[in-house]
Protein chains: 2
Amino acid sequence: MAVTLKEVAERAGVSRSAVSRTFTDGASVSDKMRRKVEKAAKELGYSPNALASSLTTGRTKLIGLVSNNFHNPIFLEVFDLFTRGLQDRGLRPLLVNLTDETDPENSVRMLRQYSVDGVVVASSTLPPGFAKAFRDAGVPVVHSFGRASSAPQVHVVGIDNVECGRMAARELIRRGYTHVGFMGGPEGATSTQDRYTGFMSEMSANPDIKVSYSFADAYSFDAGRREMLRLLKNGPSQAYFCGDDVLSIGALSAIDDSGLSCPDDVGLIGLNDMEMSRWENIDLTTIHQPIRQIVTSSIELMAAMLDDPERYPETRIFPCSIVERGTLKAEV
Amino acid sequence: MAVTLKEVAERAGVSRSAVSRTFTDGASVSDKMRRKVEKAAKELGYSPNALASSLTTGRTKLIGLVSNNFHNPIFLEVFDLFTRGLQDRGLRPLLVNLTDETDPENSVRMLRQYSVDGVVVASSTLPPGFAKAFRDAGVPVVHSFGRASSAPQVHVVGIDNVECGRMAARELIRRGYTHVGFMGGPEGATSTQDRYTGFMSEMSANPDIKVSYSFADAYSFDAGRREMLRLLKNGPSQAYFCGDDVLSIGALSAIDDSGLSCPDDVGLIGLNDMEMSRWENIDLTTIHQPIRQIVTSSIELMAAMLDDPERYPETRIFPCSIVERGTLKAEV
DNA sequence: TGTAATTTTGCAACCGGTTGCAAAATGAGT
DNA sequence: ACTCATTTTGCAACCGGTTGCAAAATTACA
């Protein structure tokens, strides 16, 4: 079906190597030769087989893009940014949906079978060990949105979730709330754990503030809504730090639905600043996570690793900032 | 770095063919041989190189997943379903983000270079010719969410957008609205055009109803919001059929923001029934598009084409139905 | 136990490219 | 016109697998 190198070579009356060389840049070909080959190639509609060449060059330009967050709208933005960024560098994303899998073994095996040049793990819930498994298998890996570490075993790009927890706590304190809650995502998620740690550590310095906590069972609207309905029934706190915008929006819906008002009855602060949080009918006060920079930086790091696989693992943490909108009361 | 067939063969003291055969099912290998090879393979941590084998078998199990809808949250659901469905069949999605490209040439070339076994075009905006380009290049293709046709040139799976337009029109009429509008997505999108056609055809049978129309410049929240703000300034209709839920939600935000109420001042009916439309703080009346079935069916069709590439192109259309929620007035 | 039918195995060529090396062609310099 | 240095080209081996074919091994049957 497809036209091969050999056919082009025959048509142009030259050797196969000559054809190969005109299609690999940096190779030595005379102008005359190049023209002859390009003519024949065009006539036959030839384009080189990337996979065949990968056999000898050892590079496929395939990048595994592994994620398990297909229910959080922010990940549509993330996928958009990743696919574009990778494409711009001539890399091709091979998308892997982990669903509920947390064992890296299958993904590692599969992605090695496809000889991916590298892997981006885009997940705020998977433990560091997940990405580590790729490194152990000799595959360059970047963990985006992963847990920050001062001694990372793989490249990590993301935010300081502990600090975000503290920020949220400080913000609630600053606004004069005296009875607050932490409503996290799934308890096993590293991001939830870290945000919890930060939030609680800051609160423990303020013993006069009453603090409660609980966890939704997923980073999703429904989970946030369910959890908030439960909280409302048991007598809610004055304000909550929700571990993610999509949880906040679920919580918001529960509050509205119970005939209560946000921020008058219950205040909310989220984390992510996803597009939807800006929507005027949501207008969520939240902590901005710079996903654009995180993605760009992850791709940069990946590209750097492709050049130097031995590169020393590094952690890149981007600062977050509070975006004041309408779901917390003005300072009292 | 990676362990090869040859090394396993040497370790097991057998021929390379023997190793190859133990890893391809249906091949003739004795039990004794299989055990010997598997032992050696396990010891060395061997797993076959899928791309190398694709050279001779002619199958990569790679499927190009091409889309340009990275700003419509419903596509996160679509990607989730596609990636899972493909993975379940041992197929691997190679994701292509078209951004604003509408010329198939680049994608066709790139996906052929990677020898994909097939391509799924997941887009409600691209014209039939886009998918056709893959077929012309000899690549099996399914156009999901594409324009229905009675004489399709490629497999198309989706809904009857013209009929959806009619449904929306009938619903607005049934509810007694006498002054209605069509607020479409981008004018060039096939889905917009078809929904417009259906809507108008039904309306033309009801000359006493006043009808207007306009188009947002993207299928996105912001575009819907902008367009509705413009409409509100110029004196809006009583109710609108928005060409997509995400547009409706943008419109909703514009309405709320202008101090008006939906459905009391302006009614809305959307199309898609995405997860978010169910959220209680949105509660959008809409036309349900059965995306789960569309995706499942697309994958089925793709799998069938892999077995029989000459398969005659077919159109699979799934029925839609109205989901009554809170953004249209009860019948008057 | 001998022979024929059947299964298992290895050889070698092939898939579609790349690349080191040496031979051929070109260009520079006198 | 004749060296010598430099560039361009083709040969052949290789990347990591698969597969048709014939030889070797096993099994069936008399």
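Letters A, B, ... mirror the listed sequences (proteins, then strands); counts begin at 1. Please read these numbers as outputs of a predicted model, since none were measured by experiment.
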**Prompt:** Is H155(A) close to H143(A) at the side-chain level, that is, under 4.5 Å between some pair of heavy atoms?
**Reply:** no
**Message:** Assess whether a salt bridge exists between E38(A) and K42(A), defined as any Lys/Arg side-chain N lying under 4.0 Å from an Asp/Glu carboxylate O.
**Reply:** no
**Prompt:** When the distance from CD of Q113(B) to C1' of dG16(C) is rounded to whole Å, what number comes out?
**Reply:** 13 Å
**Fill in**
Between A52(B) and N49(B), the two heavy atoms sitting closest are N-OD1, 2.9 Å
**Message:** What I want to find out is whether R316(A) reaches E314(A) closely enough, with some N-O distance under 4.0 Å, to be called a salt bridge.
**Reply:** yes
**Message:** Between E43(A) and K39(A), does any side-chain N to carboxylate O distance fall below 4.0 Å?
**Reply:** yes
**Request:** Examine distances only and state if a side-chain atom of S297(A) and a backbone atom of I294(A) form a donor-acceptor pair shorter than 3.5 Å.
**Result:** no
**Prompt:** Thinking salt bridges, do R147(B) and D194(B) make one under a 4.0 Å N-O criterion?
**Reply:** yes
**Request:** Starting from P on dG16(C), measure out to CD on E10(A) and report it in whole angstrom.
**Result:** 12 Å
**Request:** State whether D88(B) and R84(B) are salt-bridged, where the test is any N-O pair (Lys NZ or Arg NE/NH1/NH2 against Asp/Glu carboxylate O) under 4.0 Å.
**Result:** no
**Message:** Base, sugar-phosphate or nothing for T4(A)? Non-hydrogen atoms, less than 4.0 Å.
**Reply:** sugar-phosphate
**Request:** Return the value, rounded to whole Å, for the distance between atom CG of L5(B) and atom P of dT18(D).
**Result:** 7 Å
**Item:** Residues forming a side chain to side chain donor-acceptor pair (under 3.5 Å) with N72(B), sequence neighbours excluded
**Value:** D244(B)
**Asked** If you draw a 6.0 Å radius around CZ in R292(A), do more than 12 non-hydrogen atoms from other residues or ligands fall strictly inside?
**Response** no
**Asked** How many Å lie between NZ on K6(A) and P on dA13(C), as a whole number?
**Response** 14 Å
**Item:** Nucleic acid contacts - residues 15-26 of chain B versus DNA chain D, non-hydrogen atoms under 4.0 Å
**Value:** R16(B), S17(B), S20(B), R21(B), T24(B)
**Request:** Could you list by number each residue of residues 40-51 of chain A showing a heavy-atom separation from DNA chain D of less than 4.0 Å, or answer none if no residue does?
**Result:** none
**Message:** Using the rule given for side-chain hydrogen bond (donor to acceptor under 3.5 Å, both in side chains), can you reason through N68(B) versus T125(B), listing the C-alpha separation, both sets of side-chain angles and the distance that settles it, and then say yes or no?
**Reply:** CA-CA 8 Å; N68(B) 60 352; T125(B) 66; 2.9 Å; yes
Give each protein N/O atom lying under 3.5 Å from an N/O atom of nucleotides 23-28 of chain D, with the pair distance.
none

**Asked** For residues 53-62 of chain A, which residues have at least one heavy atom under 4.0 Å from DNA chain D?
**Response** L55(A), T56(A)
**Item:** Global bending angle along the helix from dT1(C)-dA30(D) to dT30(C)-dA1(D), which compares the axes of five pairs at either end, to 10 degrees
**Value:** 30°
**Message:** Testing T83(A), L65(A), L86(A), T60(A) one by one against L91(A) for a side chain to side chain contact (heavy atoms under 4.5 Å, CB included), which residue passes?
**Reply:** L86(A)
**Prompt:** How many angstroms lie between atom CZ of R89(A) and atom CD1 of I299(A), to the nearest 0.5 angstrom?
**Reply:** 7.0 Å
**Request:** Answer yes or no: does atom CG of D308(A) have more than 12 heavy-atom neighbours from other residues, nucleotides or ligands under 6.0 Å?
**Result:** yes
**Request:** Please determine which of Y219(B), F79(B), F75(B) meets the ring pair (Phe, Tyr, Trp, His ring centres under 6.0 Å) test together with F70(B).
**Result:** F79(B)
**Request:** Mind calculating the distance between CZ (R112(B)) and C1' (dG17(C)) to the nearest angstrom?
**Result:** 16 Å
**Request:** Kindly check if the number of other-residue, nucleotide or ligand heavy atoms within 6.0 Å of CG (D25(A)) is above 12?
**Result:** no
